[in-house]
Amino acid sequence: MKKKIAPIVHEPHLVKDAVKLVKSYPTVPLTIDCVIFGFEENELKVLLIKSDLEVYKDKYSLLGDIVKDNEELDDAAYRVLKERTGMNDVFLDQVKAFGHPHRHPGGRVITVAYCSLLNINHHELKIHDNELNWHSISALESMAFDHKEIVDACYQWLQKRIQEHPLGFNLLPEKFSLRELQNLYEAILGVRLDRRNFRKKFASMDLLIDIDEMEQDVPHRPGKLYKFNFEKYEKRKRTWIGIDF
């Protein structure tokens, strides 16, 4: 009978000096870019500033800055938004990191994109440096760095989110018509939706409250006004399957 040979087990090599290990890593700057989408007058817009880099003279860029050594990413994103716009009442979602080696003309820089969607009329820009202003998504052309690519990626993320969650209702008045609701979804999704099919889908969700009021002083046939039933949605959101248009 052959004698079994015990397998050789190598002890794992343990790194004792974590500081020395990290110092041996490549040094790559990390930045934050905020993609702030705004809805106004049935149009989706994005908040942009003029780039202060000479190579991108007269081109627009996103709101961004370097992440400080002692900062959490979320803290850095809210700091950037506050310093650039003066706004501190906007919720940000982390969307994606962008790390193409040549995305910055000065060398390798990795950026993390944060995104938000708000009603422009409900949020005041308190700072206007570098021509900070809202720009129509449909009119965007080339931008500084890879910021057009970042905007496009965040726009796709937003289109998916608005079908998975009813976040669009926060952009509407407390009382809204189905026409206003459809205009909102069409602006964000960038498509024309069938009126009858759209209304049928929302009716089947049973999340709209008919408040027995009609629109007033509108240039078209007045429509019924509704409210969104946030309380009912909170009870059912775990089973919410989204809206498939």
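In this text, all values refer to a predicted model and were calculated from it rather than measured experimentally. Just so it is clear, the values below take in all heavy atoms, side chains as well, and ignore hydrogens, waters and symmetry mates.
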Q) For E83 and L63, what are the C-alpha separation, side-chain angles and deciding distance, and is it a side-chain contact (heavy atoms from CB on, under 4.5 Å)? A) CA-CA 9 Å; E83 290 178 352; L63 318 179; over 6 Å; no
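- Considering every non-hydrogen atom in both F37 and V151, the closest pair reads CZ-O, 4.0 Å.
- The main-chain N or O of I188 is found under 3.5 Å from a side-chain atom of Q159 such that the two form a donor-acceptor pair.
- Note that CG of D89 and CG of L81 are 8.5 Å apart. Values are rounded to the nearest 0.5 Å.
- Side-chain atoms of H135 never come within 3.5 Å of backbone atoms of V46 as a donor-acceptor pair (strictly under, hydrogens ignored).
- Contact check for L53 versus V55: side-chain heavy atoms found under the 4.5 Å cut-off.
- The nearest pair of heavy atoms linking S116 to L92 is CB-CD2, 3.8 Å.
- S204 contributes atom OG, which lies 14.5 Å from atom CZ of R199 (distance to the nearest 0.5 angstrom).
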Q: Tell me, with the steps shown, if F169 and Y233 meet ring pair (Phe, Tyr, Trp, His ring centres under 6.0 Å).
A: CA-CA 12 Å; F169 287 94; Y233 168 72; 8.9 Å; no
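- Of the possible donor and acceptor atoms, one in the side chain of N119 sits under 3.5 Å from a partner among the backbone N and O of L171.
- For the residue pair S142 and K59, a side-chain donor N or O sits within less than 3.5 Å of a side-chain acceptor on the partner.
- Between Y185 and V191 the shortest side-chain heavy-atom distance does not fall below 4.5 Å.
- When atom types are taken as modelled, the side chain of E180 and the backbone of S177 share a donor-acceptor pair closer than 3.5 angstrom.
- Taking CG of L158 as the start and SG of C115 as the end, the distance is 5.5 Å to the nearest 0.5 Å.
- A donor-acceptor pair is defined here as one N or O able to donate and one able to accept, closer than 3.5 Å; such a pair exists between the side chain of E186 and the backbone of L193.
- Distance check, rounded to the nearest 0.5 Å: CD of Q182 to CG of N197 gives 9.5 Å.
- Note that CE of M143 and CD of E149 are 11.5 Å apart. Values are rounded to the nearest 0.5 Å.
- Rounding to the nearest 0.5 Å gives a distance of 10.0 Å between CG of N42 and CZ of R179.
- Under a hydrophobic-cluster definition in which Ile, Leu, Val, Met, Phe, Trp and Tyr are linked whenever side-chain heavy atoms come within less than 4.5 Å, directly or via other members, Y56 and L140 are assigned to different clusters.
- Atom CZ of R108 sits in a crowded spot, with more than 12 heavy atoms from other residues, nucleotides or ligands closer than 6.0 Å.
- Contact of the Y114 side chain with the D74 side chain is registered, since non-hydrogen atoms from C-beta on lie closer than 4.5 Å.
- No side-chain donor-acceptor contact under 3.5 Å links R79 to the backbone of E71.
- The cluster map of Ile, Leu, Val, Met, Phe, Trp and Tyr, joined by side-chain heavy atoms under 4.5 Å apart, puts V35 and L125 in different clusters.
- Here the side chains of L30 and L73 are in contact, with some heavy-atom distance below 4.5 Å.
- Using a 4.5 Å heavy-atom threshold, the side chains of I127 and R84 count as separate.
- Taking the side chain as every heavy atom from C-beta outward, W134 and L48 never approach each other to under 4.5 Å.
- Side-chain atoms of R103 come within 3.5 Å of backbone atoms of V109 as a donor-acceptor pair (strictly under, hydrogens ignored).
- With hydrogens and angles disregarded, no donor-acceptor distance shorter than 3.5 Å links the side chain of E40 to the backbone of N121.
- Between K50 and E131, the closest side-chain pair of non-hydrogen atoms falls below 4.5 Å.
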Q | salt bridge (charged side-chain N to carboxylate O under 4.0 Å, His left out) between D206 and K232, worked out | A | CA-CA 9 Å; D206 192 30; K232 183 181 285 189; 3.0 Å; yes
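- V67 and L62 fall into different hydrophobic clusters, where Ile, Leu, Val, Met, Phe, Trp and Tyr residues are linked whenever their side-chain heavy atoms come under 4.5 Å apart, directly or through other members.
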(Q) Checking E213 against K224 for the salt bridge (charged side-chain N to carboxylate O under 4.0 Å, His left out) test, could you report, in this order, the C-alpha distance in whole Å, the side-chain angles of both residues, the deciding distance, and whether it holds? (A) CA-CA 6 Å; E213 292 182 28; K224 281 188 173 185; over 6 Å; no
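- Here the shortest heavy-atom pairing between S136 and E43 reads OG-OE2, 2.7 Å.
- The same ILVMFWY cluster, assembled from side-chain heavy atoms under 4.5 Å apart, contains both L167 and F202.
- Follow the hydrophobic side-chain contacts under 4.5 Å out from Y155 and you never reach L118; the two are in separate clusters.
- Note: H100 and H102 have tilted aromatic rings, judged against thresholds of 30 and 60 degrees for the angle between ring planes.
- Here the closest non-hydrogen pair linking G64 and D33 is CA-OD1, 3.5 Å.
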Q: Determine, step by step, whether V80 and T31 satisfy the side-chain contact (heavy atoms from CB on, under 4.5 Å) criterion, reporting the C-alpha distance in whole Å, the side-chain angles of both residues, the deciding distance to 0.1 Å, and the verdict.
A: CA-CA 10 Å; V80 168; T31 64; over 6 Å; no
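- Taking 4.5 Å as the limit, every side-chain heavy atom of Y78 sits out of range of all side-chain heavy atoms of N88.
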Q: Please test L172 against L181 for side-chain contact (heavy atoms from CB on, under 4.5 Å), starting from the C-alpha separation and ending with a verdict.
A: CA-CA 8 Å; L172 294 169; L181 181 61; 3.7 Å; yes
Q: List the steps, then state whether side-chain contact (heavy atoms from CB on, under 4.5 Å) holds for Y60 with N133.
A: CA-CA 10 Å; Y60 285 99; N133 214 333; over 6 Å; no
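- Summarising the geometry of I32 relative to A77, their closest heavy-atom pair is CG2-CA, 3.7 Å, with the distance given to 0.1 Å.
- S61 and S51 form no side-chain donor-acceptor contact under 3.5 Å, judged by distance and modelled atom types alone.
- Heavy atoms only, all atoms of each residue included: D146 and F98 are closest at OD2-CB, 4.0 Å.
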